[in-house]
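Quick note: residue numbers are just sequence positions, from 1. In what follows, every heavy atom counts, from backbone to side chain, and hydrogens, waters and symmetry copies are set aside. Start at 1 and go down the list; that is how both ligands and their atoms are numbered.
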Amino acid sequence: MTRFLSCLAGAVPAESNAVFFAFEKEKKPAGSFLFGTSVEKAFLEAREDGFDGKAGQIASIRARDRRVTRYIFVGLGAEADATLDSLRRAASAAGRKAAAMGLKSIYIRPAHLGGSAVMAQAVVEGFLLGTYKFTAFFSAPANKSKTALVGIVAKDASEKSQFDKGIRTGEIFANAVTFARDLINTPPTDATPEKMVKAARGVTGSGVTVKVFNKAQITKMGMGALLGVNRGSWQPPYFLHFTYKPKGKPSRRIGFCGKGITFDSGGLSLKPPASMETMKYDMAGAASVFALFKAIGQLQPSAEIHGFTPLTENMPGGNAMKPGDVVRSMKGKTIEVLNTDAEGRLVLADALAYAGKENLDELFDMATLTGAATIALGPAICAMMGTSPELIGKIKAASTLSGEKFWELPLEKEYEAHIKSPIADLKNIGNAGQAGTIIGGLFLKEFVNKGQPWVHLDIASVGWTNGQNALSEPGATGFIIRTLLHHILSYNRAS
Ligand code: BES
Ligand code: ZN
Ligand code: ZN
């Protein structure tokens, strides 16, 4: 556990490690006035060693100051391009460096980007996300102990109280993300639908409740698409409905559906081995819903929030769905299943139909839906599409705070013909090699009520990383959670 605290420069104890940030080609690091000439001297030394403030660049300099015995300088890149996310990423780099050096405590002076509270929030998020590691399955605990204390240095008392706010929010946001990462990184046999239900119960309390539907109840509700996907698996399916009700009249009523395929083998349309290696992350949408509710309990927003997660494996057991089978969804629409690997849209069809009964002001779904999303946008950008330009705009606005990137794809009407079936209302695939991510969105739209503001977020490309990235080690990223939390908080009444 790392403890974060805010403090004034005068309260930094003797023999500390201090972290400063610098824009490209800057003469002095940001905020250096707080530490006087000692930091400037060390910075000159770093520049002589070749440090010039490029994003991700890092230098560690020994100092003979009574208060600071080591300075760590981290580059923010060109000042003109710098955003709050530059600070978040630089804080991640600083955290990784501190961990690699075995530093027990560090004092960070954030660079001025975005305003006081959000600066501290970005530092906390960057530090916690960048240094997160999934260690639950090692036989021996990692011997590198964590940095126990991170001080965030404020210039005055008013900034210090803003930092306190930012630290608390940053911890809630980052802990929600790492909670989701833990669930997603867990091996699939240890994260079956039943085990996910246990994890879901763990986020209840503080106004959050969860209703658990078992297979018999799912059958009674007519969720034939979810049941179809479940047929090839030994593990029973579950459907969860989370609710958070604020005290007083809600400022907004929001719903989030999350795809919860705890392992996607493809079913009888079996995936090749390499494509299956990471398919434990096919429940990242559901894990994100769990994480939202974990944070919501702590944040107590003024909006009412609902979460819906269909949970099942997609397996090729003896009773599995066969290509060519037709299932009847909860909404009544029939679907010809031509590819059992396009199962996410089937389970979400029933989740969206169920959510439709709540008449929410706005509805989202998050799903690792299509490999085509990676081909279209690569690993840094999330595909989104929806029925409400206003809601799409709100996600773009939240994205500037979270640093997570989004790009809107069109729900092209002309392609609706691609999912017409000769024997059922719809088929679950379009034309091979054509607009796969859009087809996924168009299919889901069939299960959203007319007039419902709805946004589909295809997190297949961004939910997992094979190599280390700025904020994540290889594995689950938890992408989407922080953006949606910002969006939820945007409805808070001015306090
Ligand atoms: N879970 C996969 C999508 C996926 C692929 C997520 C790679 C993350 C990385 C989904 O169920 C799937 O298999 N989709 C198919 C759809 C196709 C059969 C129309 C795909 O993308 O190939
Ligand atoms: Zn699949
Ligand atoms: Zn899938």
Any N/O pair T370/ligand 1 closer than 3.5 Å:
no
Please work out whether any backbone atom (N, CA, C, O) or any side-chain heavy atom from C-beta onward of L369 is under 4.0 Å from ligand 1, and answer side chain, backbone, both or neither.
backbone
Check whether F179 forms a cation-pi arrangement with K294 (NZ or CZ under 6.0 Å from the six-membered ring centre, at most 45° off the ring normal).
yes
Apply side chain to side chain contact (heavy atoms under 4.5 Å, CB included) to residues F308 and F239 and explain how you reach the verdict.
CA-CA 7 Å; F308 312 97; F239 184 84; 3.9 Å; yes
With rounding to 10 degrees, D264 OD2, the Zn ion (ligand 2) and D341 O define an angle of 170°
Y354 and K331: side chain donor to acceptor below 3.5 Å
no
So, D282 and the Zn ion (ligand 2): N/O/S under 2.8 Å, yes or no?
no
Side chains of W454 and N449: any donor to acceptor distance under 3.5 Å?
no
Side-chain donor-acceptor contact under 3.5 Å, T483 with E404:
yes
Show me which atoms of ligand 1 lie under 4.0 Å from any heavy atom of E343.
11 (O)
Counting from 1, what ligand 1 atoms have a heavy atom of I429 closer than 4.0 Å?
19 (C)
Using distance alone, with no hydrogens and no angle criterion, decide if N431 and Q434 have a side-chain donor and acceptor under 3.5 Å apart.
yes
Would E313 and Q235 count as having a side-chain donor-acceptor pair, cut-off 3.5 Å?
no
Ligand 1 N/O within reach of Y281 N/O, cut-off under 3.5 Å:
no
Structural part of K259 in contact with ligand 1, heavy atom criterion under 4.0 angstrom
side chain
Charged N to carboxylate O under 4.0 angstrom, K413 versus E416?
yes
Which ligand 1 atoms does A460 reach within 4.0 Å, using its non-hydrogen atoms?
6 (C), 8 (C)
Would R345 count as a contact of ligand 1 if the rule is a heavy atom under 4.0 Å away?
yes
Ligand 1 atoms nearer than 4.0 angstrom to some heavy atom of T368 are 1 (N), 2 (C), 3 (C), 6 (C)
Nearest option to atom 2 (C) of ligand 1, as decided by whichever heavy atom of V462, D264, I439, N339 sits closest:
D264
If we ignore angles and hydrogens, is there a donor and acceptor under 3.5 Å between the side chains of S269 and D341?
no
Under 4.0 Å and counting heavy atoms only, is there anything from the protein next to atom 11 (O) of ligand 1?
yes
Note: ligand 1 atoms sitting under 4.0 Å from heavy atoms of K271 are 2 (C), 12 (C), 13 (O)
Write the atom name of the N, O or S atom in E343 that is nearest the Zn ion (ligand 3).
OE2
